[in-house]
Amino acid sequence: MEGHEILLSLFLVSAVLLGSLFYYVYRSSVSNANGSEGMQDAKKKRFFFATILLVVILIFLTATLPKSPYFLFADQTPAKVVHVAAKQYNFIMSNQAIDPKNPVGEQDIEVPQGQVVEFRVTSLDVNHGFAIYNEEAKLVTQVQAMPGYVNKLRWEFDKPGKYNILCLEYCGSAHSFMRASFTVK
Ligand code: CUA
């Protein structure tokens, strides 16, 4: 099972657990309505709820915490580095570092297939999102583009083709037109 499938299963299991919990609370409140005062076996129920809650929290923490801080391919040297400067309303991409005072990029950025690529992403104005989509328009990976920070995003592309970059953070009137692309070969 892949990482996102494990997470999805965890969400589904917790949804069923929480659903049962709500149903249980609903049932017990209905059956208590006829004359009896207060909740029956309050201590027992409290212990039961707390245990379920603790188990759900522990499962999530065990599944997610060891992977933090989520910097993928941290122990590898990237085969290629692409510099990205987001600016209302486009992405300037370059094989060399980008001068913020005179930001110029190159068209037709190419990255190798099956090797680790590092994107060094920053913004020259407001917060943007740097989201990479494959040819089937599926989100592959993403990172925030923030002014004053360079966020590193490493990824290994297993399929060649044209990948599109869309802005994933509302950044102004032309946000939805903010896009770019690159090629994996
Ligand atoms: Cu840049 Cu939305």
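Order of appearance sets the numbers: ligands from 1, and atoms from 1 within every ligand. One is the number of the first residue; the rest follow in order along the sequence. Because the structure is predicted, anything quoted here is derived from the model rather than measured.
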Between the side chains of Glu106 and Ser94, does any donor sit under 3.5 Å from an acceptor? yes

My understanding is that only one of Thr62, Val56, Val55 makes a side chain to side chain contact (heavy atoms under 4.5 Å, CB included) with Ile59; could you say which? Val55

With the side chain counted from C-beta on, respond yes when Phe182 and Phe91 share a heavy-atom pair under 4.5 Å apart, and no when they do not. no

Any idea how Phe157 and Trp155 line up, ring-wise: parallel (<30°), tilted (30 to 60°), or perpendicular (>60°)? perpendicular

Atoms of the protein (N/O/S only) found under 2.8 Å from atom 1 (Cu) of ligand 1: His128 ND1, Cys167 SG, Cys171 SG, Met178 SD

Verify the cluster assignment for Phe119 and Phe73: are they in a single hydrophobic cluster under the rule of side-chain heavy atoms below 4.5 Å apart? yes

Return all side-chain donor-acceptor pairs below 3.5 angstrom for residues 128-140, not counting sequence neighbours, or 'none' if the list is empty.
from: His128; atom 1: NE2; to: Asp125; atom 2: OD1; distance (Å): 2.7
from: Asn134; atom 1: OD1; to: Glu136; atom 2: N; distance (Å): 3.0
from: Asn134; atom 1: OD1; to: Ala137; atom 2: N; distance (Å): 3.3
from: Asn134; atom 1: OD1; to: Lys138; atom 2: N; distance (Å): 2.9
from: Glu135; atom 1: OE2; to: Lys162; atom 2: N; distance (Å): 2.9

